[in-house]
Amino acid sequence: MNEEISKILYEIAILLEMKGIEFKPRAYEKASQAIASLSEPVESIYKKDGLKALMEIPGIGERIAQKIEQYIKTGHIKEYESLKKKIPVDLEDLSSIEGLGPKKILKLYKLFNIKHRKDLERVLKSGKLRNQPGFGLKTEENMLQAIKFLKSDQGRAVLGFAMPSIRSLLDKLRSVDGVERVEIAGSVRRMQETVGDLDILVISKKPEAIMDFFTSMPGIIKVDAKGLTRSAVHLGIGLNADLRVVPPESFGAALQYFTGDKYHNVAVRQIAIKKGYKLNEYGLYKGKRLIAGGTEEEIYQKLGMQWMPPEMRTNTGEIEIALNEKVPQLIDYDELKGDLQVQTDWTDGQDSIKEMAEAAEKTGLKYILITDHTKSLAMTGGSDEKRLLKQMAEIDKIQKQVPGIKILKGAEVNIMKDGSLDINDETLAKLDVVGAAVHSFFHMTEKEMTKRISRAIENPNVDIIFHPTGRVLQRRDAYKIDIDAVIKAAKKTKTVLEIDAYPDRLDLKDEYIRKVVNAGVKLSIDSDAHAAGHFKYLEFGIGQARRGWATARDIINTRSWQDMLKCLK
DNA sequence: GCCGTTTTCGGCCCGACTGTTTTCAGTCG
């Protein structure tokens, strides 16, 4: 319901913008965002206290609250339907084309009755558009290119998988003549799960040199813009990249400006205005006088705010706590001491127990938990009770060969359809740590799935629930689950919930992590490594934890292995 | 249409680049 209402409000914004109406579109856009970021269904807010409760959501006033009420009661919003009747175009379809905004969409509809991407493609190929006022040959070419780009399904990458290429790109830029500093801002610095654009900031004495290099690197598909302060390209790896050259005295301002998401930035700039300043990518100004700009810290400080980590900058409450100097000390990237989900060649991992232990030690870890799959996961050659016991003996043997790292005994036990486990309790009790996870029957009702996982949580041997919602980015949605009920069950039984750090899992998601932290339930951050090279993915689990405002105290494997074990049930 | 330590009326984030113009509208981030 939230998603539908949010989408309708957003489309109303575009439709109003088409008509040239000022400011209202912003209001609807804001309201759309407000609804999208609610953690509770809007109808349950409405049920509590009707219109009044809706109006307490920032960005929702009387009129939009009434429209939401109308949608809850009838499933429609009249104003939307009548706007849509006048301009019946597929807004989602058309506005996803780069370079195409509300005004041009309206022109295209009026001129050629274009409603979908397909209509546009036809008219573009006919060559009729180029003679219309406001359009030309170049516009035609750009739109065709943008449509082609969309069709190729490029445009977003899983951050953890793309990071090596991103870092190597940054290193290349650092080696260009005249370049003094290169940093990445935007969604990469915020450690978002997936990224579409790279925002690169550069200090350079020779802007021409870096821009020439940037726009002519091998593998570039298209140059979107080239100037002395900003250039933009489509990279071959399916991402867009923006590069800006910034003077040193403005570097902090630029970093601030291009790191926060749109909503964070708007909110911060409003605070600046209230204090009589102007904030842009060059600095914080009082009239024409530069007040701050070299570092992010001084900008936030002048605004009466505490500096906050990039991962928090999404306008979901961080502004308020920064104004009150209550920014939490988030878990740091070097604070993990162990990894509690590691697969080996006993099941579907690539490398042996010893190889995994050695690789983990090399990355600085002090302990790992071996968690191979169990028998009902036949495709991975999952272990039964007997084989688990055999593996435990093997671990004792290998432990003597790798004295620098503690190898703990565990398993990734399969949670069956009814919530029972596929290994008997007697064997589970012998393991140091037991993780349990769902690997089958994903399409249950929310009620059934919640009951299933809660039953596993109640097993006295189950210490951690691995990848609790089962999603795989860009491939599979999370299964339906009542996260509040699961957190409650975990709290009652002292069960730990995992943040699976594998780049396309990142499961739990940030919003759920915040709920877990608020409930006082403990988390673990695990790589889910299936090969010796996978321990590096822990970084993205930590990023995820930081986006969920978790501190080191909330994460059990920031402790020594002895203290970690004491956190378990 | 929303909001309030400038305000219940009168504001609303800001700048770069492109393409189509001949001074600027539209789009993007």
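Residue numbers begin at 1 in each chain, while the letters A, B, ... track the order of the sequences. As the structure is a prediction and not an experimental result, all values here were calculated from the model.
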Out of B/dT18, B/dG1, B/dC14, minimum distance to the side chain of A/Tyr257 belongs to B/dC14
Before accepting this row, confirm whether a basic side-chain N of the pair A/Arg471/A/Asp507 lies closer than 4.0 Å to the acidic partner's carboxylate O.
no
Check whether any side-chain N or O of A/Arg230 sits under 4.0 Å from OP1 or OP2 of B/dC17, and answer yes or no.
no
When you compare B/dG26 with B/dT21, how far apart are their P atoms, in angstrom units rounded to a whole number?
12 Å
What are the two closest non-hydrogen atoms of A/Ile72 and A/Glu43, and how far apart are they?
CD1-CA, 3.9 Å
Over all strands shown, is A/Lys226 touching base, sugar-phosphate only, or nothing at heavy-atom distances under 4.0 angstrom?
sugar-phosphate
When rounded to the nearest Å, what value does the distance between C1' atoms of B/dT20 and B/dC24 take?
9 Å
So for atom CZ, which belongs to A/Arg230, do other residues, nucleotides or ligands contribute more than 12 heavy atoms lying within a distance under 6.0 Å?
yes
Could you identify which residues of residues 123-139 of chain A place a heavy atom less than 4.0 Å from some atom of DNA chain B, listed by residue number, or say none?
A/Pro133, A/Gly134, A/Phe135, A/Gly136, A/Leu137, A/Lys138, A/Thr139
Are the side chain of A/Glu249 and the backbone N or O of A/Gly293 linked by a donor-acceptor pair below 3.5 Å?
no
CG/A/Leu38 to CD1/A/Ile45 distance, rounded to the nearest 0.5 angstrom?
4.5 Å
Less than 4.0 angstrom between a side-chain N/O of A/Lys104 and OP1 or OP2 of B/dG26, yes or no?
no
Answer yes or no on whether A/Lys509 is positioned over the face of A/Tyr512, meaning its NZ or CZ is under 6.0 Å from the six-membered ring centre and within 45° of the axis.
yes
What interatomic distance, in whole Å, is found between C1' of B/dG4 and the corresponding atom of B/dT8?
8 Å
For A/Leu228 and B/dT18, what is the distance between atoms CG and P respectively, to the nearest whole Å?
11 Å
To the nearest Å, how far apart are A/Leu100 CG and B/dG19 C1'?
14 Å
Whether A/Asp212 and A/Lys226 form a salt bridge (side-chain N of Lys/Arg under 4.0 Å from carboxylate O of Asp/Glu) is what I want to check.
yes
Among B/dT6, B/dG26, B/dC2, the one nearest any side-chain atom of A/Arg63 is B/dC2
The Watson-Crick or G-U wobble partner of B/dT8, with both key distances under 3.5 Å, is none
Nearest-angstrom distance from the residue atom CD1 of A/Ile57 to P of B/dC3:
11 Å
Does A/His234 reach the side chain of A/Gln145, with side-chain heavy atoms less than 4.5 Å apart?
no
Is it true that, when you exclude A/Lys480 itself, more than 12 heavy atoms of the residues, nucleotides or ligands shown sit nearer than 6.0 Å to its NZ?
no
Heavy atoms only, 4.0 Å cut-off, all strands: where does A/Ile273 land among base, sugar-phosphate and nothing?
base
Spacing between A/Ile77 atom CD1 and B/dG1 atom C1', to the nearest angstrom:
14 Å
Starting at the 5' end of DNA chain B and moving along, which residue's nearest nucleotide shows up first, A/Gln270 or A/Asn142?
A/Gln270
Taking everything shown except A/Gln329 itself, do over 12 heavy atoms lie less than 6.0 Å from its CD?
no
From the list A/Glu193, A/Glu511, A/Glu318, salt bridge (Lys or Arg N to Asp or Glu O under 4.0 Å) with A/Arg547 holds only for A/Glu193
To the nearest Å, how far apart are A/Leu106 CG and B/dG26 P?
10 Å
Verify the contact: side-chain N or O of A/Lys278 to OP1 or OP2 of B/dG15, cut-off strictly under 4.0 Å; return yes or no.
yes
Among the nucleotides B/dC14, B/dC28, B/dG1, whichever has the atom closest to the side chain of A/Glu98 is B/dC28
Atom pair distance, as rounded to whole Å: CG in A/Asn265 and C1' in B/dC14:
10 Å
Hey, which sits more toward the 5' end of DNA chain B by its nearest nucleotide, A/Glu22 or A/Ile97?
A/Glu22
Pairwise P distance for B/dT6 and B/dC12, with rounding to whole Å
14 Å
Students often get this wrong, so: under 4.0 angstrom with heavy atoms, is A/Asp199 touching a base, only sugar-phosphate, or nothing?
sugar-phosphate
Any ion pair linking A/Glu79 and A/Lys24 (charged N to carboxylate O, less than 4.0 Å)?
no
Roughly how many Å apart are B/dT22 and B/dC17, using the P atom of each and rounding to a whole number?
23 Å
Phosphate OP1/OP2 of B/dC17 contacted by A/Thr229 side-chain N/O (<4.0 Å):
yes
Take atom CD1 of A/Ile68 and atom P of B/dG1, then tell me their distance rounded to the nearest Å.
13 Å
Check: A/Tyr282 side chain, B/dG15 base, donor-acceptor under 3.5 Å:
no
Whole Å only: how far is the CD atom of A/Glu281 from the P atom of B/dG29?
14 Å
What nucleic acid atoms does A/Pro102 come within less than 4.0 Å of, heavy atoms only: base, sugar-phosphate, or nothing?
sugar-phosphate
B/dG1 phosphate, OP1 or OP2: any side-chain N/O from A/Lys67 under 4.0 angstrom?
yes
Which of residues 292-321 of chain A have a heavy atom under 4.0 Å from DNA chain B?
none
Separation of the C1' atoms in B/dG1 and B/dT5, to the nearest angstrom:
23 Å
